[in-house]
Number of protein chains: 2
Amino acid sequence: MSTTNSLAVEDLGSTAQRERRKRILDATFELASDGGFDAVQMRAVADKAEVALGTLYRYFPSKIHLLVSALAREFDRNEVLIRQMGDIPGETAAERVSYILKRTTRGLQGDPKLTEALTRAFMFADSSVAAEIHSVGMSLTTMLTHAMHSGQPSEHAEPTPEDVAVARVIGDVWLSALMAWVTGRSTAAETGAHLETAVGMILRD
Amino acid sequence: MSTTNSLAVEDLGSTAQRERRKRILDATFELASDGGFDAVQMRAVADKAEVALGTLYRYFPSKIHLLVSALAREFDRNEVLIRQMGDIPGETAAERVSYILKRTTRGLQGDPKLTEALTRAFMFADSSVAAEIHSVGMSLTTMLTHAMHSGQPSEHAEPTPEDVAVARVIGDVWLSALMAWVTGRSTAAETGAHLETAVGMILRD
DNA sequence: GACAGAACTAGAACGTGTTCCTATGATGGA
DNA sequence: TCCATCATAGGAACACGTTCTAGTTCTGTC
């Protein structure tokens, strides 16, 4: 565990520490949801979480680590929700993937400031945030391969390397589309249409 | 022309001003090439360009505008080079697009720090940088549609809406791949392979 | 050539991310 | 219980993006 990484839940011994970590992430969400990336100020997060600034930095070595960790927690929760949903509606893989993407996108668009904060942090992250980013990437890939195979005979097979490649490409497009929306370069409707087009191109079987 | 935009070349009356703008962008490239995003410090750029800090901010209202404008200039130059090249090698659209992407990617990877600086600025940009970002997007789309049709009967036709949609999706993937490389999450070889896979998926005709 | 207004210089000042330091409190082992 | 160690609080200090001010130079017009 190098000092350049955020403290994961598993790293934290005491209950008090796990609670501190939770308070910090909750404060981050609240501030981000209110005022976006700029409103997530480290002093403000520390205050709201009732934690000293130094402690905040002990748990998350930078603002970017903090926000990407928040994003990772959100994705984890989302993954659980989708898993609980059981079969995903849609005849073809393209339909199911579109369904999941739209659902997730709509969820994000329901809280624009929060999404802006999390997305921009993700985009700005450098290699020191690799671990946290990898976690997000895994969630996304899992979600997409699950959608591709949901309700199929292959449902419980390991995703093939090709599945993973497809999921990565779709994830790429999704990320770019999200970025375009977050930065005000495209509307929610355009984002949805673009995603549908892209999924149609990639998953025509 | 709102104050939130960078001064474009056309906006600048005098030769002295055009030279200032050029000196600023040159200084930006040099610093970025040396030390990446963090090394492009506004005071340093102003010093190297022999311009006051206030003047720098008159030309480019933020560090992000500055770097994205630098990226736009680079793309413009690249577009000219490719146009001069004449026909692009490759039998199929996929081959030609792959060729162009790889060529461009290799060019960028030859100057990793510079690429890191420009890419991260692009990723971090918000809606106030829309104009500059749009310019980059246009260059990219033009480049890709040109590659799709190069040497074909359709060579000089206007790109169809479908062409543009395909170009956008490929652009999205390319951007994400570049980001993964810049942030050290994938190697140059992986980036190339991923791009080739993606183009193969999207452009199988 | 004189003037008005815009552009430029130099540098102070401010905000926020990040680092550092000291004192205080919590924890676990002898 | 006492001690050693580590985590935390509180706050000063620093770096760099950004803004602002005052004075100077340039440019175009009469």
Side-chain angles (χ1 to χ4, degrees), chain A residues 1 3-7 9 11-24 27-28 31-32 35-70 117 120-121 124-126 128-129, chain B residues 1 3-9 11-24 27-28 31-32 34-70 117 120-121 124-126 128-129:
Chain A
M1 182 191 73
T3 34
T4 57
N5 270 257
S6 310
L7 262 45
V9 181
D11 299 333
L12 297 172
S14 77
T15 312
Q17 285 178 319
R18 266 190 291 276
E19 273 166 9
R20 260 188 215 100
R21 192 188 135 98
K22 178 175 184 318
R23 280 208 310 278
I24 291 174
T28 304
L31 288 166
F37 187 87
D38 290 339
V40 180
Q41 301 187 357
M42 299 305 267
R43 290 172 180 84
V45 172
D47 276 3
K48 195 180 271 276
E50 296 185 287
V51 137
L53 189 55
T55 305
L56 172 51
Y57 273 94
R58 243 187 71 78
Y59 281 71
F60 301 96
S62 79
K63 172 169 173 172
I64 300 295
H65 284 83
L66 173 60
L67 283 166
V68 177
S69 298
R120 291 185 64 201
F124 196 61
D126 66 9
S128 76
V129 202
Chain B
M1 181 192 74
T3 34
T4 56
N5 271 257
S6 309
L7 263 46
V9 182
D11 299 332
L12 298 173
S14 77
T15 312
Q17 285 178 318
R18 266 191 290 276
E19 273 166 9
R20 261 187 215 102
R21 191 188 135 97
K22 180 176 183 316
R23 280 209 310 278
I24 291 173
T28 304
L31 288 166
D34 253 33
F37 186 88
D38 290 340
V40 181
Q41 301 187 356
M42 298 306 267
R43 290 173 179 84
V45 172
D47 276 3
K48 195 179 271 275
E50 295 185 290
V51 136
L53 189 55
T55 305
L56 172 52
Y57 274 94
R58 243 186 70 77
Y59 281 72
F60 301 95
S62 79
K63 173 168 171 171
I64 301 294
H65 284 83
L66 173 60
L67 283 166
V68 177
S69 297
R120 289 185 61 203
F124 197 61
D126 65 10
S128 76
V129 203

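Only a predicted model underlies this, so the values are computations on that prediction, with no experimental measurement involved. Excluded from the calculations below are hydrogen atoms, water molecules and symmetry mates; all remaining heavy atoms, backbone and side chain alike, are included. Sequence lines set the chain letters: A, B, ... in the order given, protein chains first and strands last, and positions in each chain run from 1.
When rounded to the nearest whole Å, the span between CZ of Phe60(A) and P of dT18(C) equals 13 Å. Here dC6(D) presents its C1' atom at 12 Å from OH of Tyr59(A), a figure rounded to the nearest Å. A straight line from CG of Asp47(A) to C1' of dG17(C) spans 15 Å, rounded to a whole angstrom. Taking atom OH on Tyr57(B) and atom P on dA7(C), their separation rounds to 19 Å, with Å as the unit. Taking atom CG of Leu56(B) as the reference point, atom C1' of dT19(D) lies 13 Å away to the nearest angstrom. Here dA13(D) presents its P atom at 15 Å from CG of Leu53(A), a figure rounded to the nearest Å. Counting to the nearest Å, the P atom of dT18(C) and the CD atom of Gln41(A) are 12 Å from each other. If you measure from atom CZ of Arg43(A) to atom P of dT18(C), you get 10 Å, rounded to the nearest angstrom.
For Ala52(A), counting side-chain heavy atoms from C-beta on, the closest listed nucleotide (dA9(D), dA12(C), dT9(C)) is dA9(D). Checking dG17(D), dA12(C), dT18(C) against every side-chain atom of Ser62(A), the shortest atom distance belongs to dT18(C). Picking from dT18(C), dC8(C), dT19(D) the nucleotide with the shortest atom distance to the side chain of Arg20(B) gives dC8(C). For Lys63(A), the side-chain atoms get nearest to dG17(C) when compared with the rest of dA12(C), dT8(D), dG17(C).
Heavy atoms of Val45(B) sit nowhere under 4.0 angstrom from any nucleic acid atom.
Minimum interatomic distance between Met42(A) and Leu66(A) (heavy atoms only, all atoms of both residues): SD-CD2, 4.1 Å. Across Glu50(A) and Arg23(A), no two heavy atoms sit closer than the pair O-NH2, 3.6 Å.
Nucleotides of DNA chain C nearest to Gly54(A) and Met42(A) differ in position, and the one nearer the 5' end is that of Met42(A).
Proximity of Thr55(B) to the phosphate of dT9(C): a side-chain N or O atom is located under 4.0 Å from OP1 or OP2.
For the pair His65(A) and Tyr59(A), the minimum side-chain heavy-atom distance is 4.5 Å or more. Counting heavy atoms from C-beta on, the side chains of Phe124(A) and Val129(A) never come closer than 4.5 Å. The shortest distance between side-chain heavy atoms of Val45(A) and Lys63(A) does not fall below 4.5 Å.
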